[in-house]
Amino acid sequence: MQVVVESQECETAERVSRRSLASLWAAVVGESGSGKSTGFEAMFLAWCPAPFLKTMPAIKACTRITTTMSIGGTRWRITRNPTSSGITFERAGEPPMRLPLASRDPERPTASRFMLDLLGIPALHQGGKTLGTEYIVPFMYVRQASAGATYLGGMKPELRELAVRGMLGLHEDDIDAARDVLRDLRRDLTKARRALAGFEALRAQFGFSTPEELAQRRDQVEQELAKSRDAAAKSALELGVANERLQKLREAARTAHIPADAADRAADEAERHLREALRRLGETEGRLAELRSPSPTSCPACRQQLRTAGLPEHLCPLCKEEDPRRSRRGPQDDERIRAAAEAVKDAKERCDLLREKAARARQAAAEATRAVRRAYLTAEEYAARTVEPLRLATVDSEKRVRELAVLAEQLGERTDELVGAIAAQNRTVERLETAVRGATQTLADAQSQARTRLAELVKAWSLLFARRMAAAGAQWRHAHIAQEGFTPVVNGESFDQVSVAGSTLALVELNALVSLRELGEQVVGSSVPGLLVVDAALAGLSDTTADVGVRDYLLGLFAQTAAGSGPLSQVITATQEAVGSHQGARTIALSRSEPYIPDLVLPDA
């Protein structure tokens, strides 16, 4: 895949700085602290949410970062605000597209997915991971901080495999198709087994093995259904009769309230007459007692001892108030006392009669109330003893009728069908099991072919890598790419196991990446990006013969790209030294006073 970075723009509140990189070999040369690494990281931060990229202070101060790239012959302007979560893609003649870095909606594309589509890399999945640009960038950007220490910036082996498979076009369509077929067949098999289990459950429920047994079972159920219906009708009839009797008993209890209420009212009236008679008796007895009381010796008005000398007997000698009681009693008084005594006697006799009548009335009221209670109790006892058992029996009978009716209907419908359905479902299950075994084998064959294809590609990659290592120096006698994790192995030592870091490991990594691009040119359908950004590849090389040979090899590799030959579509390098006599490089000179992004590099960087 031809990928060329044409320019960069970094905007701040004060200015917009632009760097033109439109060359097959753009060599950024400058001392440490001139912002080379900062500019390179900005180049990728414009479109990649790569977690391994370190957003330097100079980038955080930018309000906009734009990278203009030619991808497959189409120019794109990719813009991002470092503080936002969206990326804008622009192509000439079309409206801009703003895409999020992440999206929970599978129908809404992300910036990472869109960028992979532009690069022609499929969305592969492996081990719960989905291929994204953050796994592709390490193959395009060799960082100064990790080139001589860790392979691909410390990228995990399983992610290397995922990225390489995507770039080499190992879509695994056959595997995906076989996996889809197997999934569908397993789903159909599960449904068929579930249906068969349902048929078997019905057969167990109905208790049959042959259609004849099923027919016998159907006739038996129909007979039981007829008996149950008769029993239910009889029970319902008995319940109706019992309910009628219960209603009569409850009506009788309600009717008994009428005499009970009348008896209560009569008892209340008799007691009222008794209380009136007792009141009158008290008044009569009071009058009799008054008539029988002796003449007073003191004045009822002033309470002084009476002295009758010189005054009439009916006047108080002190207050001179008249006191009729002091007058002497005569025969008429005796007559009044006798009449009062007779009235008291008559009143007592009347009270006795009324008391007896009230007692009889209250007793009659109590008896009427007890009769009402007995009537209600009789009704409730009848309801509990007779009506409720009949009701429960009726409910059970009706439930049994419904159950047998459903069973009889099922048996009637499936007498001739069920056994044949079980046999047909068994054949379906056997057919699907055979198909599942075949699909499983097809998937295994497709996976085996994919592994074989991958092994062939890794072998071809190893041959290309070995040639490049041999061209870099005769001391690299043996070199290959490991099958697991695609790790470079040189002279028997794996990249991840070499304890001495430095330019040797940087050389190994660069050769592995360039040989991967050579392999991509040979593989139909591959989309390995031709862009390679190398930060400080020549750092640490001395003037010894071996280091001079490595320097010449790397400069020759970059010059080959500048000449338009080789597998790289563009190489961008950053070094502290000049590129020497090699022609074709577009040199961008930097210094601390004139950094890559003006006014944004820290003074003590």
Side-chain angles (χ1 to χ4, degrees), residues 21 23-37 39-40 138-153 464-479 488-491 493 495 498-518 530-591 596:
L21 301 169
S23 174
L24 296 183
W25 177 14
V28 180
V29 180
E31 60 186 321
S32 178
S34 58
K36 301 184 297 296
S37 299
F40 285 2
F139 289 87
M140 299 164 50
Y141 177 29
V142 180
R143 301 167 60 216
Q144 177 183 5
S146 60
T150 58
Y151 184 46
L152 298 176
L464 296 171
F465 174 63
R467 290 173 187 169
R468 288 209 163 269
M469 290 304 300
Q475 68 271 32
W476 318 118
R477 299 181 302 277
H478 305 288
V489 180
V490 178
N491 290 347
E493 288 187 304
F495 192 103
V498 175
S499 58
V500 179
S503 59
T504 297
L505 292 184
L507 170 66
V508 170
E509 181 165 10
L510 287 173
N511 274 338
L513 295 177
V514 174
S515 60
L516 175 63
R517 283 156 175 77
E518 288 180 308
L531 173 66
L532 185 61
V533 179
V534 183
D535 189 0
L538 306 180
L541 293 176
S542 65
D543 293 332
T544 62
T545 303
D547 283 357
V548 169
V550 170
R551 181 185 292 108
D552 291 341
Y553 170 79
L554 293 177
L555 290 175
L557 175 63
F558 302 152
Q560 185 184 32
T561 303
S565 59
L568 296 176
S569 57
Q570 183 187 29
V571 60
I572 302 175
T573 62
T575 61
Q576 295 182 16
E577 309 88 354
V579 294
S581 60
H582 293 278
Q583 300 298 318
R586 177 175 182 170
T587 303
I588 301 172
L590 304 177
S591 66
Y596 192 94

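All values reported here derive from a predicted model rather than from experimental measurement.
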Evaluate the side-chain contact (heavy atoms from CB on, under 4.5 Å) criterion for residues Ile588 and Leu21: first the C-alpha distance (whole Å), next the side-chain angles of each, then the deciding distance (0.1 Å), finally the verdict. CA-CA 9 Å; Ile588 301 172; Leu21 301 169; 3.4 Å; yes

For the backbone of Ala471 and the side chain of Asn511, can you confirm whether one donor and one acceptor N or O come within less than 3.5 Å of each other? no

Do Arg586 and Trp25 come close enough that some side-chain heavy atom pair is under 4.5 Å? no

Do Leu152 and Glu509 have side-chain heavy atoms sitting under 4.5 Å apart? yes

How would you list, by chain and number, every residue that makes a side-chain contact (heavy atoms from CB on, under 4.5 Å) with Ser146, sequence neighbours excluded? Arg143, Thr150

With sequence neighbours left out, write down each residue that passes ring pair (Phe, Tyr, Trp, His ring centres under 6.0 Å) with Phe465, or none if nothing qualifies. none

Steps toward side-chain contact (heavy atoms from CB on, under 4.5 Å) verdict (Val514, Leu557): CA-CA 9 Å; Val514 174; Leu557 175 63; 3.7 Å; yes

Under 4.5 Å between any side-chain heavy atoms of Leu532 and Leu510, yes or no? yes

Which heavy atom of Ser37 sits nearest a heavy atom of Tyr141, and at what distance? O-OH, 4.1 Å

pair Val533-Met140: side-chain heavy atoms closer than 4.5 Å: no

Rounded to the nearest 0.5 angstrom, the CE-CG distance for Met469 and Asn491 is 7.5 Å

Distance-only, no hydrogens or angles: does the Asp535 side chain make a donor-acceptor pair with backbone N or O of Val142 under 3.5 Å? no

Write down the atom of Ala562, the atom of Ala585, and the distance for their closest heavy-atom approach. CB-N, 4.5 Å

Decide yes or no on side-chain contact (heavy atoms from CB on, under 4.5 Å) for Val490 and Phe495, but give the supporting numbers first. CA-CA 8 Å; Val490 178; Phe495 192 103; over 6 Å; no

Please list, chain by chain and in numerical order, all residues satisfying salt bridge (Lys or Arg N to Asp or Glu O under 4.0 Å) with Arg517, sequence neighbours excluded. none

Residues in side-chain hydrogen bond (donor to acceptor under 3.5 Å, both in side chains) contact with Glu518, at least two apart in sequence or another chain: Arg468

Any side-chain heavy-atom pair from Leu24 and Leu568 closer than 4.5 angstrom? no

Which residues pass the side-chain hydrogen bond (donor to acceptor under 3.5 Å, both in side chains) test with Arg477, sequence neighbours left out? none

side-chain contact (heavy atoms from CB on, under 4.5 Å) against Val550, all qualifying residues, sequence neighbours excluded: Leu507, Leu541, Leu554

Is there a donor-acceptor contact under 3.5 Å from the side chain of Gln570 to the main chain of Ser23? yes

Are any side-chain N or O atoms of Lys36 and backbone N or O atoms of Glu31, one a donor and one an acceptor, separated by less than 3.5 Å? yes

What residues, two or more places apart in sequence or in another chain, satisfy side-chain hydrogen bond (donor to acceptor under 3.5 Å, both in side chains) together with Thr561? none

